[in-house]
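First up is the structure itself, then whatever we jot down about it.
Letters A, B, ... are given to chains in the order of the sequence lines, protein chains preceding strands, and every chain is numbered from 1.
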Amino acid sequence: MGKPRVIYWFRTDLRLHDSPALKAALEPDPAVLWPIFTWDPHYVYRTKGGVNRWQYLLDCQNDLSKSINKLNPKSKLFVLREAPQTLFPKLFKAWNVTHLVFEKDTDSYARERDQAIADIAQKAGVEIVTRYGRTLWDSDEVVAKNGGKPTMSITQLQTAGHKIGEIPRPIAAPEHLPDPGEMPVNFDQEPPNAQPDLNAAHRGKDDKTYNSIAGPKGDFAIETLEELGFVAATTPHRGGETLAQKKLDCIIADEKYAATFQKPKTSPAAFEPQSTTLLSPFLHFGALSPRLFYWRVQDLVSRYKGASSPPESLTGQLLFRDMYFAAAAAIGPAFTQTLNNPYIRFIPWNLPSKDESGTEVGINAISGEYHVDSAQAEHWFQRWKVGVTGFPWIDALMRQLREEGWIHHLGRHSLACFLTRGGCYVHWERGADVFEELLLDHEPACNAGNWQWLSCTAFFSQYYRCYSPVVFGQKWDKSGALIRRWVPELKDLDEKFVYEPWKASKGALGKAGVKIEGDGLGERKKGTYPEPMFDFGERREICIAAMKKAYQVGLHGDDERVKNGTWRELFEDDDSEVQGVGVGHDDEHADDAEHETHKGKGKREAKQGPMDRHLVKKQKTES
DNA sequence: ATGGGGGTTGTTTCA
DNA sequence: TTGAAACAACCCCCA
């Protein structure tokens, strides 16, 4: 037997430091090692991503390639443009590969893909080696220690983690890398399935991604935005392991900040500089190891007097990340949706997703296809999406997100609450879909989990705690600096009205050079800012009443009645206020609703409640 | 097993 | 100006 000929397959671990998988690849002292990245059509076409995130990925790849090249001038990150499922059988033969090594990934699509790769490797007689390094603990182990169930609270995660044992200490980056072997491409490229292309909207130019396996020059170079057909990115945030390390160093150097960090006390209105670390995009691409981050903080905390502790502390933030990863690992593809998900509450939101289970986009992806069951809700959603709701705090956040790809966690809360249970009563999957496209740090598990949290469909349930689009921002930023930065229409408006310009007098508006008019969609007149979409106080009341009703009904995503539409019967005794929310009901039913209201009000409130709650409990223990 | 305490990140009011 | 308490519609967790 000769020495191993190893492919190291980089995926969501674009780094050299603290990589258990890379360490495992180097341990048998390979004769050759190819560091490769495969440009997977699933990510290119079936994962929504704005230009900002594509640029960030390219940053991470370029930085990694440079670092590899420093360790061995003959090597770099070799990028191959083909789906791994069809590429690897050919590579294994052509390059005479003995081992394929990669970091384990528990995302639904990744699991399915990696299983396929494992089968292919077995047939080819190639040994597969994997290690976990994407979270603090192996998510599957967490699930096992949690009784095979998804971690639905931070205590569950902590208890399970405690049972597994101490979080592994980070591993140093390798000091040497073997030469890559020969890389003949004496085989044909399997053309990708480019339809549907969920990113078509961002491609201003021709998509040349798959013109050849080894790129335009045949040198396995990293793609460019040009090659992908994308126009220029707008975010100021840049990726790469080198930058991640530098930023982490800065954060740890500010001992008081890092050791006493309390997330709920950091301001969502702070920008330049932001109040949180902005390390999440690095974590997403694996340019920063969560375990390195954890131990750099923890070692400081252990010797610091008066340090904060989980869940509010910096390490606590990493625990939440692990919680979502383990929940997603246990629930599988259904985690990112309501349908078929037994752990998520059914709420009859407007604009529900079309059922795409069984289709290609249905695998762990929200394609954005949905039922427009209410023209009103659709109009609100369109205004929310581009930041013209007429609520300056909401619009500022949305515009910051669109341009920079990052907003503070509590800003995300504001946007999410407003779209779902605290304003528009639009399905959280619509919002998750928009965030998936816009966030640099978009992580399927964390994004879906946080939307479930905020919409009170899982993880969190206090739906009467509702973020006000006015007072919540004011609590952090009385003068409206964030609004002035991102909603320049209002930059000269008096502090008294900057959060609610509709209350300003004509004189005050005139002085600020702004008029309140229109819905903000389409061509907007210069010097205008849209009217508020609705009376927030009114909407808040309606939404809370509707949430209460849905909680009493107590359906979950896997309920047959959710799938076959008979859930409607359970909501028919809505009183008139609630009816204002659920659109979709035609006028012919209005009479019935009216009728129900007359005889039902009062009595039912008192009696039905406890009975329904009992029903909910019973259902839960059964499932 | 049941009941009380608590829940990273609400709002309003009052001291 | 800051902090605590009321509001009291939820579910999880632990003893």
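- Using modelled atom types, one side-chain atom of A:Arg421 and one backbone atom of A:Leu454 make a donor-acceptor pair closer than 3.5 Å.
- A sub-4.0 Å separation between OP1 or OP2 of B:dG10 and a side-chain N or O of A:Ser468 is absent.
- Residue A:Lys548 contributes atom NZ, which lies 11 Å from atom C1' of C:dC10 at whole-angstrom precision.
- With rounding to whole Å, A:Lys475 atom NZ is found 13 Å from C:dG3 atom P.
- A:Ser153 has no side-chain polar atom (N or O) that falls below the 4.0 Å cut-off from OP1 or OP2 of C:dC11.
- The side chain of A:Arg345 contributes an N or O atom lying less than 4.0 Å from OP1 or OP2 of C:dC11.
- The backbone N or O of A:Ser353 lies less than 3.5 Å from no partner atom in the side chain of A:Gln337, so there is not a single donor-acceptor pair.
- As a whole-Å value, the separation of A:Asn450 CG from B:dT8 C1' is 12 Å.
- Protein atom CE of A:Met152 is 19 Å distant from nucleotide atom P of B:dG7, rounded to whole Å.
- Side chain A:Gln462 to base B:dG7: a donor-acceptor pair is found below 3.5 Å.
- Of the candidates B:dT8, C:dA9, B:dT11, B:dT11 carries the atom nearest the A:Val471 side chain, counting heavy atoms from C-beta on.
- For the pair A:Arg238 and A:Tyr56, the NZ or CZ position fails the cation-pi test of under 6.0 Å to the six-membered ring centre and within 45 degrees of the ring normal.
- Between the P atoms of B:dG3 and C:dA8, the separation comes to 22 Å (whole Å).
- For DNA chain C, each stem of at least three Watson-Crick or G-U pairs (distances under 3.5 Å) is given as range with range: B:2-7 with C:10-15, B:10-15 with C:2-7.
- When the P atom is compared between C:dA5 and B:dG6, the two are found 13 Å apart, to the nearest whole Å.
- Atom CG in A:Leu319 sits about 16 Å away from atom C1' in B:dT9, given to the nearest Å.
- Between the side chain of A:Arg540 and the backbone N or O of A:Cys466 there is no donor-acceptor pair closer than 3.5 Å.
- For the pair A:Leu454 CG and B:dT9 P, the computed distance is 12 Å after rounding to whole Å.
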Original post:
Would A:Phe534 and A:Phe418 satisfy ring-ring contact (aromatic ring centres under 6.0 Å, His included), going step by step from the backbone distance to the final call?
Top reply: CA-CA 11 Å; A:Phe534 42 60; A:Phe418 184 84; 5.5 Å; yes
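- Across the protein-nucleic acid pair, A:His162 atom NE2 and C:dC14 atom P stand 13 Å apart, rounded to whole Å.
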Under 3.5 Å between N/O atoms: give me all the protein pairs with nucleotides 1-6 of chain B, atom names plus distance.
none

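- The side chain to side chain donor-acceptor pair (under 3.5 Å) contacts involving residues 144-153 of chain A comprise A:Ser153-A:Thr155, where partners must be two or more places apart or lie in separate chains.
- Note: A:Trp502 and A:Tyr529 fail the aromatic proximity criterion, with ring centroids not under 6.0 Å apart.
- Note on A:Gln262: nothing from the nucleic acid sits closer than 4.0 angstrom, heavy atoms only.
- Residue ring and base: A:Tyr464 does not count as stacked with C:dC7 (centre distance below 5.5 Å and interplanar angle below 30° not both satisfied).
- Side-chain proximity of A:His413 to B:dT8, B:dT11, B:dT9: nearest is B:dT9.
- For NZ of A:Lys563, the number of neighbouring non-hydrogen atoms (other residues, nucleotides, ligands) closer than 6.0 Å is greater than 12.
- When heavy atoms are screened at a 4.0 angstrom cut-off, A:Phe320 is found touching base atoms of the nucleic acid.
- Look at the P atom in both C:dC10 and B:dA1: the space between them is 23 Å, to the nearest Å.
- Within 4.0 Å of A:Trp453, counting heavy atoms only, lies at least one base atom of the nucleic acid.
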**OP:** Kindly determine whether A:Phe459 and A:Tyr324 satisfy ring-ring contact (aromatic ring centres under 6.0 Å, His included), including the steps that lead there.
**Re:** CA-CA 10 Å; A:Phe459 298 102; A:Tyr324 288 133; 5.1 Å; yes
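- A side-chain donor-acceptor contact under 3.5 Å links A:Tyr499 to the backbone of A:Gly473.
- Going from atom CE of A:Met323 over to atom P of C:dC13 covers 11 Å, rounded to whole Å.
- Remark: side-chain polar atoms of A:Asp477 are paired, donor with acceptor, to backbone N or O of A:Leu482 under 3.5 angstrom.
- Residue side chain A:Ser461 reaches the base of C:dC10 through a donor-acceptor N/O pair under 3.5 Å, judged by distance alone.
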